Novice: 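Starting off with a structure, shown below.
In this text the structure is predicted, and so the values were computed from the model without any measurement. Letters go in sequence order (proteins before strands), and every chain restarts at 1.
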There are 2 protein chains.
Amino acid sequence: MKSLRKTSAVLDCFTREDRRLTLAEIAARTGLPKTSVHRQLAALREIGFLVQDGRRDAYRLGFRLLALGGVVLADIDLMRHARAPAETLANQSGEAVHICVFDGRNVVSIERREMEAASNEIVRIEREPPHCTGTGKAILSTLSDADADRLLDDLPSDGALPRFGPNTITDRVRLRRDLTVCRARGYAVDDEERNPGVRCVGAPIRRHGQVVGAISVTGPAARFPDARLPVLAEMVMATAAKIGLNLER
Amino acid sequence: MKSLRKTSAVLDCFTREDRRLTLAEIAARTGLPKTSVHRQLAALREIGFLVQDGRRDAYRLGFRLLALGGVVLADIDLMRHARAPAETLANQSGEAVHICVFDGRNVVSIERREMEAASNEIVRIEREPPHCTGTGKAILSTLSDADADRLLDDLPSDGALPRFGPNTITDRVRLRRDLTVCRARGYAVDDEERNPGVRCVGAPIRRHGQVVGAISVTGPAARFPDARLPVLAEMVMATAAKIGLNLER
DNA sequence: TCCATCAATTCCGATATCCGGAACAGCTCC
DNA sequence: GGAGCTGTTCCGGATATCGGAATTGATGGA
């Protein structure tokens, strides 16, 4: 089933930022010949994974993918059980809280609107690179080296891990050392690795001993001095444990 | 690209109700030989569209589909513009309000938690059969016969349209007659066609003359006598027009 | 209005890929 | 410990997929 790899590569071109792409753009990003891309696009359009606005316009992801995502969403009881503890954590820490879900292969963050706003709608569902976020590293730190490597292999890579800023750990050996530290102390720190100026403390959420997600607090580096990290980490870990307990029942 | 059809059929086996399926179940539902299904599953697992709990356990849809759904969600500004008018409609009518989005190929309903609850989270994202819901028929009624047929062809079919209750319109000719009526008066009525005992009044939402979704009020048939339908329809159509105006700007 | 330019689409023969029946392996439950 | 079922591997034949090259169609400037 080699062709599905290409199909997957085509779909991967679409991101939150690039939601409308032309055949040529997709060909350039995937490195595939235009003809192959054209065939892929036609097939994806046929099954409703892509739609074209006009007759010759750019492509968008189709709503059928939204529906499939909805099926997945229905499967996540982590979100239900995490709600109350997450809000408590947000109040305790005074910082933004992120929750991630993990299915053994993908780390996806589900963000809600800021707590201040009246509504609490899900506004962002987004894949996260695991090697440079508090939640991602928290999850990685609980995995075997083989499992962790499989996750990292999914990243777009030209040898090193993708860089997002000066602090991003792009070397696998260095990352592995960092993960050992995380594993030992029970929490992960993202020190401006994903977004310069933003720090983050994350801990894994387990059900029956298995990681199913992670939770973190995030904020400007100025509000996250080294001395405060252990304090925040305690809260985060306690919250993660609470959610885990909720899940077991 | 014939194989993608099969891939699509495999993914279609997973629904909100059947979220965990074994190879044998999928083979039975799709009618494909076990070997072919096995190859599909292996490939889908490889690209992260499916995950397996244990080494030989049932399959679930992978979180990567959730992430792709998130990209689609980011593309829908209908939801942002619809929020306020939808709430007004809920208060005016005292009934549950549904909003659907449409990309030319799929009708997907995005449901929120009941208004009474403090939170307003998205709790359900689900594909809707277009031929038996207020929103679906509202959308169909705006399309050309050819476009409408394409939508109906996507439904699992053994000749007639899928039946959900005694009132479901399963005959295409009868449906077309009903749609003509809907088109003329500007709104669609679901008379216990999807769920016995539940009635529904829906109207299309247009942007620049093109349908992009629909909105409806839904409730027990006892509260939706024939005499009340035009009253509700007025509210629904006014709301749809308001949302359409919001979108144009 | 015409032409130049670029993007999207169609064509086609070679070949790698997918197909699915049959045999095999590995659980699980008597 | 064995029977029965489900999932997995193997393999030769058919065919769908591959991508270069030519064609068609849109776009914008002179």
Novice: Of the options D/dT17, C/dT10, C/dC18, whose atoms approach the side-chain atoms of A/H38 most closely?
Specialist: C/dT10

Novice: Between C/dC18, C/dG20, D/dG19, which one does the side chain of A/S3 approach most closely?
Specialist: C/dC18

Novice: For the pair B/R5 and B/D12, find out whether any cationic side-chain nitrogen is under 4.0 Å from an anionic carboxylate oxygen.
Specialist: no

Novice: Rounded to the Å, how far apart are B/R39 CZ and D/dT17 P?
Specialist: 12 Å

Novice: Using atom CG of A/L4 as one end and atom P of C/dA16 as the other, report the distance to the nearest whole Å.
Specialist: 21 Å

Novice: Check B/R176 with B/D171, please: is the shortest side-chain N to carboxylate O separation under 4.0 Å?
Specialist: no

Novice: What's the closest nucleotide to the B/A24 side chain, out of D/dG7, D/dC18, D/dT8?
Specialist: D/dG7

Novice: Just checking B/T35: base, sugar-phosphate only, or nothing, at a heavy-atom cut-off of under 4.0 Å?
Specialist: base

Novice: Using 4.0 Å as the upper bound for N to carboxylate O, is an ion pair formed by A/D77 and A/R207?
Specialist: yes

Novice: Can you find a donor-acceptor N/O pair under 3.5 angstrom joining the side chain of A/K34 to the base of D/dG19?
Specialist: no

Novice: Can you tell me how far P of D/dT6 sits from CD of B/E25, to the nearest Å?
Specialist: 10 Å

Novice: Measure CG/A/L44 against P/D/dT17 and give the value in whole Å, please.
Specialist: 12 Å

Novice: Examine the base of D/dG7 for any acceptor or donor lying under 3.5 Å from a partner atom in the side chain of B/T22, and report the outcome as yes or no.
Specialist: no

Novice: CD of A/Q40 versus P of C/dT17: gap in Å, rounded?
Specialist: 14 Å

Novice: Rounding to an integer number of Å, can you tell me how far B/I26 CD1 sits from D/dG7 C1'?
Specialist: 12 Å

Novice: Expressed as a whole number of angstroms, how long is the span from B/K6:NZ to C/dC19:C1'?
Specialist: 7 Å

Novice: Would you mind telling me which of D/dG20, C/dT9, C/dC19 lies closest to the side-chain atoms of B/S36?
Specialist: C/dC19

Novice: Measure CZ/A/R5 against C1'/C/dC18 and give the value in whole Å, please.
Specialist: 16 Å

Novice: Distance to the ring centre below 6.0 angstrom and angle to the axis at most 45 degrees; does that hold for A/R194 and A/F164?
Specialist: yes

Novice: Treating A/D103 as the side-chain partner and B/G62 as the backbone partner, does any N or O pair qualify as donor plus acceptor under 3.5 Å?
Specialist: no

